[in-house]
Protein chains: 2
Amino acid sequence: MGGLLDLTPEERATLDRLGERERSIRRGAVLLRENDRTSELFVLLSGNMMSYVLLDDGSRQILRFLFPGDLLATAAIGYSSSPETLVAQTESVVCPIDRVELLTMAQQHPRLLLTLVAIEQAERTALIDRLAGLGRTSARARVAAVLLDIRDRMRRGDPAIANSFVLSLTQEEIGDATGLTAVHVNRMLRTLEDDALIARSGGRVTVLNEPSLRRAANYVDRQATMDLSWMPAPAA
Amino acid sequence: MGGLLDLTPEERATLDRLGERERSIRRGAVLLRENDRTSELFVLLSGNMMSYVLLDDGSRQILRFLFPGDLLATAAIGYSSSPETLVAQTESVVCPIDRVELLTMAQQHPRLLLTLVAIEQAERTALIDRLAGLGRTSARARVAAVLLDIRDRMRRGDPAIANSFVLSLTQEEIGDATGLTAVHVNRMLRTLEDDALIARSGGRVTVLNEPSLRRAANYVDRQATMDLSWMPAPAA
DNA sequence: CGTTCTTTTGACCGGCGTCAATATAGGTGG
DNA sequence: CCACCTATATTGACGCCGGTCAAAAGAACG
């Protein structure tokens, strides 16, 4: 959150104090289940998590893969029960924030709260892109899009990652994220490999031809980096 | 926004002042185009609008049908250009709010700002449900879901609406919202009619068998009405 | 009262799901 | 360290849902 804005010492102090509490979650453990009562949101500090909903026929739609820095369970601001399930994919650490704290945060550090809202907007934009992808693109495009998305987000956490990365998702998970079956995900990965857009070995994926992969993914570059420069520094 | 919370006189006054500015939009006119620069968000005061994105093959994904009370273009909080296009489906009136005003609103009336954030959460939940619908349900279910959604949202604005309503959407628009072709939307409407779940005449749709229609739509009742009771009334 | 948009229906096809069989890998207890 | 066991990956055969193409009938609108 600090990277988006030049924080004043007071803002930074508040943020640091907020970040003191920590809760760790074991691999595979559920932080929050659909319809659970909830009154706090979380910031993912480390690890990987995902959110999903279950339909009554038992099928699962994965909503988002979560990386450090992401906000979790923000629905708590408007609802008392969670619309989604949150699960840790690896050992993870989150920082809980009670929603009542947001009120004082708004008052004392409005820029911090609005930064939080801005991050929500980024997630919203990501949801929009996923929606368009599910509604309007082919299986091949959706699978390619997941690969690029994961690669980009891993890179943000570790700039050393270039074109090769460990995709720690099962094909079933990719399917549940893209609205496909695991079998068909496998077929699509195969065609991407046969066409030399990617290479695979073990759990590792290497992007061989990024321009083509982007084209295959129907990648819309919305040239939108977050912009919070409109927020003036606080008076004192 | 008033309905969600018991407002203090000061809060109400602020809200009223904010709502003074108005802009009307002619039927079919574009309020904001994808990638347009923007620095304000809007509240839809009257009329119907919709938001969509275009993919580079020309196909359109409708993101949301907008009704009075909905927030528009909230991405302006985090970005300087719009991720989506906003179009008026009927003669509409919106109230613009410059994003800078949100800072003072946060400070002086934190409950108002958080109510706005909570409304955003409701939209996010709606997006989640749409995502799960697109990824995991049949064409028939998606069309049924649109009918129920539109009916429910029209009813919120006019409680007189019971089971019969004017669906002012073309089948092409329903298709662009559900990720289907207009042709197939037509087929699904026909089967819903043949099965006596709905009746149609002119642009008017009548729900004949609501339980069955809900089942057909895979309707997940997340028993979640917005809950802002956690926000204490301001001290003075 | 033509012109264009929308709806409707039929014929046909292809992308993706389903089912099933096998291979491979990871993890666990002995 | 091995044997076993379950989760995951892979591939083929086949079928169906929904897309495509085309034609005609309404409906809306200037």
Side-chain angles (χ1 to χ4, degrees), chain A residues 26-28 50 55 57-62 87 89-91 133-147 166-195 198-205 216 218, chain B residues 26-28 50 55 57-62 87 89-91 133-147 166-195 198-205 216 218:
Chain A
R26 246 185 306 286
R27 170 185 163 80
M50 67 176 183
L55 281 76
D57 66 351
S59 63
R60 172 176 72 166
Q61 176 65 49
I62 294 179
V87 183
Q89 291 186 295
T90 68
E91 192 79 17
L134 279 191
R136 289 303 187 200
T137 71
S138 66
R140 182 178 156 100
R142 291 181 234 168
V143 171
V146 167
L147 295 181
V166 176
L167 181 68
S168 51
L169 298 175
T170 66
Q171 294 178 4
E172 177 124 34
E173 287 169 336
I174 299 176
D176 285 347
T178 53
L180 301 168
T181 58
V183 173
H184 204 61
V185 168
N186 183 283
R187 289 195 277 246
M188 294 301 101
L189 287 172
R190 164 132 309 287
T191 72
L192 291 174
E193 197 171 17
D194 287 348
D195 297 350
I198 62 170
R200 291 182 299 157
S201 82
R204 178 166 287 275
V205 174
N218 230 301
Chain B
R26 247 185 305 288
R27 170 186 163 81
M50 66 176 185
L55 281 77
D57 66 351
S59 63
R60 173 176 71 166
Q61 176 64 51
I62 293 179
V87 184
Q89 292 186 295
T90 68
E91 193 79 17
L134 279 190
R136 289 303 187 200
T137 72
S138 67
R140 182 179 156 101
R142 292 182 233 168
V143 171
V146 167
L147 295 181
V166 176
L167 180 68
S168 50
L169 298 176
T170 66
Q171 294 177 5
E172 176 124 34
E173 286 168 336
I174 299 176
D176 285 348
T178 53
L180 301 168
T181 58
V183 172
H184 203 62
V185 169
N186 184 282
R187 289 194 277 244
M188 294 302 101
L189 286 172
R190 165 131 309 286
T191 71
L192 291 174
E193 197 171 16
D194 288 348
D195 297 349
I198 63 170
R200 292 181 300 156
S201 81
R204 179 165 287 275
V205 174
N218 229 300

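Below, read A as the first sequence line, B as the second, and so on, with proteins coming before strands; counting in each chain starts at 1. Below, each value reflects all heavy atoms present in this structure, side chains not excepted, and no hydrogens, waters or symmetry copies.
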- Item | Side chain proximity check, Gln89(B) to Arg27(B), heavy atoms < 4.5 angstrom |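 No. Closest side-chain heavy atoms not under 4.5 Å.
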
- Any side-chain heavy-atom pair from Asp176(A) and Met50(A) closer than 4.5 angstrom?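 The answer is no, as the side chains (C-beta and beyond) never meet within the 4.5 Å cut-off.
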
Return no unless some side-chain N or O of [X] is found under 4.0 Å from OP1 or OP2 of [N].
X	N	value
Thr181(A)	dC16(C)	no
Asn186(A)	dT10(D)	yes
Arg187(B)	dA11(C)	no

- Which nucleotide in the list dG18(D), dA9(D), dA20(C) gets nearest to the side chain of Val183(A)?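 Closest of the options to the side chain of Val183(A): dA20(C).
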
Just how far, in rounded Å, is [atom2] of [N] from [atom1] of [X]?
X	N	atom1	atom2	value
Leu134(A)	dC16(C)	CG	P	12 Å
Glu193(B)	dT9(C)	CD	P	9 Å
Met188(B)	dC17(D)	CE	P	9 Å
Arg190(B)	dT6(C)	CZ	P	20 Å
Arg27(A)	dA7(D)	CZ	C1'	12 Å
Leu169(A)	dA9(D)	CG	P	10 Å
His184(A)	dC16(D)	NE2	C1'	14 Å

- Message: By the 4.0 Å heavy-atom rule, please label Gly179(B) as base, sugar-phosphate, or nothing.
- Response: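 Sugar-phosphate contact only - Gly179(B) comes under 4.0 Å of backbone atoms but never of a base.
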
- Query: Counting any heavy atom closer than 4.0 Å, what does Arg200(A) reach on the DNA or RNA strands: base, sugar-phosphate only, or nothing?
  - Reply: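 Arg200(A): backbone/sugar contact only, no base atoms under 4.0 Å.
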
- Message: How close do Gly133(A) and Thr137(A) get, counting heavy atoms only, and between which atoms?
- Response: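 Here Gly133(A) and Thr137(A) meet closest at O-OG1, 2.8 Å.
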
- Expected output: side-chain Arg142(B) to main-chain Thr178(B) donor-acceptor under 3.5 Å: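 Such a contact is found between Arg142(B) side chain and Thr178(B) backbone.
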
